[in-house]
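Side-chain atoms are counted along with the backbone in the values below, which use heavy atoms only and exclude waters and symmetry mates. Numbered from 1 within each chain, the chains take letters A, B, ... in sequence-line order.
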Amino acid sequence: MLSRQFVRENPDVVREGLALRGTDGIDVDEILDLDERWRALKSEGDDLRQERNEVSSKIGELKREGDEEAAQAAIERSQELKAELEEIEQRADELEAELETRLLEVPNVPQDDVPPGDGELDNEEVRRCGFDDTRAFPEDVRPHYDIGEDLELLDFERGAKVAGGGFYFLKGDAARLEHALIQFMRDVHREQGYDEVFPPVPVNSESMTGTGQLPKFTEDAYRVGESNDEPYDDDDLWLCPTAEVSVTNMYRDEILLSDDLPLKHQAYSPNFRREAGEHGTETRGIVRSHQFNKVELVNFVEPDDSDERLKELVSEAEEVLDRLGLPYRVTLLCGGDMTFASAKTYDIEVWAPADDMEYGPERGGRWLEVSSVSNFEAFQARRAGLRYRPERHESAEYLHTLNGSGTALPRVVVAIMEYYQNDDGTITVPEALRPYMNGQERIEGHDPVGESAVGAGRKE
RNA sequence: GCCAGGAUGGCCGAACGGUAAGGCGCACGCCUGGAAAGCGUGUUCCCUUUCGGGAUUCUGGGUUCAAAUCCCAGUCCUGGCGCCA
């Protein structure tokens, strides 16, 4: 969240930020008004309390001196003050709670070079990589969901049967590919200096608030036990929507040493998202599902270093696609497409050549976002109480957090199944992954299992 | 799951109804030829231009003129017992 002081002193900057994002429904003037009323009550209460403290310590003295009469008079005065105080402080607390609630719903202020715009079409392309010497794949390359089902690699029907729509099975070599990708990414990032953690999958409400998922975005998350419409408290658990939540909150309410920084963690975890209303041709297959794997990169840095680190973090995520030989591009997100907590975000979009979509390169296919790399500055740190102690300062300051997906697994699988597709309908395993698949060079598919395959004429 | 003990500043740790000792670390200053030692000041948050004030002993309630201290509920930690992949 933004600090009260910042909002108080820079209301215009906050308003401009909201406009750039296209965020409606946040009334900065109302927040300023709340703040002012709260401060007035607070100082009134403080004065009363000061008087009560003076009277109260006098009671102690009088009692010690044995002056019961004077002590009794002071006790009566103290009781009066107590009643007044309760009244004032209750009103102040209500205002403060309201102020806090409003502030939690204000998104981060975008950095100066974030372009204006409403959505993905307004994002700025920064660079394109891997397109100079592309591989020869079939002219009529087939979408991953078709070839995946034909080769018995993806099973949507059985996933839906077992867990519901939006869940699927990876079978045989596809499952193997998924595991290989995870191990491969972990190794790449380890070389880049990342310390690995394996986080808990459920997270509590306080963690979800720390990184900015709550209170605004309850509908995106899976809640354990209760319905999402019920009020939640700190004990409620949610299924991790991204390891960003668990890893960023790992040091919540702690003070890190400046020697610890920059701190780079990577974490593999499954991620769960409800994705309400996200269905259609663009999300067919495994492009957007309720559960997916991801290796997440989380950085904790000193405030002065976060801009530089953002660039490096983008390169660290790109490295995965470079080594896999997959063409991609990097975009700078416009104000309207950035997430709530971010001050600046780059997306990395891999090229999936099979489905020609409006949002894709001229030569066909589509862009698939595989990584979103963001600088949150102190926005999450302030919510989560993440601080560090600069060497030459006496008091602790909020540090800056950044994160990026070390690329989301299923979409990389889509790109591999399409870009590495061969004329004979098989899929070549990218060289970088072969050491993780015991040298396997090609995915040829599997025989179907079950009676239904006989009816479909695929088995005798 | 049961029983017992515990949670105090960046860290350690005292006070156990009368308004948060002390130590360590760190920063700055004094001292010094330079350092060490020593001495002094500072080292949570909020309000306040300043002066200053308020809050804060795990969290939330309660008793009291007054709660770190007493009572209730909860969270987490430690130990013992039990159960368990």
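Mapping A/S56 and A/K82 onto RNA chain B by nearest heavy atom places A/S56 closer to the 5' end of the strand. With the nearest nucleotide of RNA chain B identified for both A/S57 and A/I255, A/I255 has the one nearer the 5' end.
Using C1' as the reference atom, B/C83 and B/G1 are 8 Å apart when rounded to the nearest Å. The gap from the C1' atom of B/G23 to that of B/U19 amounts to 23 Å, rounded to the nearest Å. Using P as the reference atom, B/G13 and B/A66 are 32 Å apart when rounded to the nearest Å. Rounded to a whole angstrom, the distance from the C1' atom of B/U75 to that of B/A27 is 36 Å. To the nearest whole angstrom, the two P atoms, one in B/A73 and one in B/G79, are 25 Å apart. Taking atom C1' on both nucleotides, B/G40 is separated from B/C31 by 11 Å, rounded to a whole Å. Atom C1' of B/G22 sits at a distance of 13 Å from the matching atom of B/G9, rounded to the whole Å.
With both pairing distances under 3.5 Å, B/C26 is matched to B/G42 as a Watson-Crick or G-U wobble pair.
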#### Entry: A/E318/A/R323 under salt bridge (Lys or Arg N to Asp or Glu O under 4.0 Å): CA gap, chis, key distance, verdict
CA-CA 9 Å; A/E318 282 180 80; A/R323 292 211 208 173; over 6 Å; no
### Query
A/E96 and A/R4: salt bridge (Lys or Arg N to Asp or Glu O under 4.0 Å), yes or no, with the steps?
CA-CA 11 Å; A/E96 190 175 24; A/R4 282 181 208 179; 3.2 Å; yes
### side-chain hydrogen bond (donor to acceptor under 3.5 Å, both in side chains) assessment of A/S56 paired with A/N53
CA-CA 5 Å; A/S56 204; A/N53 285 345; 6.0 Å; no
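Aromatic rings of A/F156 and A/F167 (six-membered ring for Trp) have centroids beyond the 6.0 Å cut-off, not under it. Between A/Y251 and A/H265, the distance from one ring center to the other falls under 6.0 angstrom.
Evaluation of the salt bridge (charged side-chain N to carboxylate O under 4.0 Å, His left out) rule for A/D260 yields no partner, not counting sequence neighbours.
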### Message
What does the B/S/- profile of nucleotides 47-54 of chain B look like, 5' to 3', with a 4.0 Å heavy-atom cutoff to protein?
### Response
SS----BS
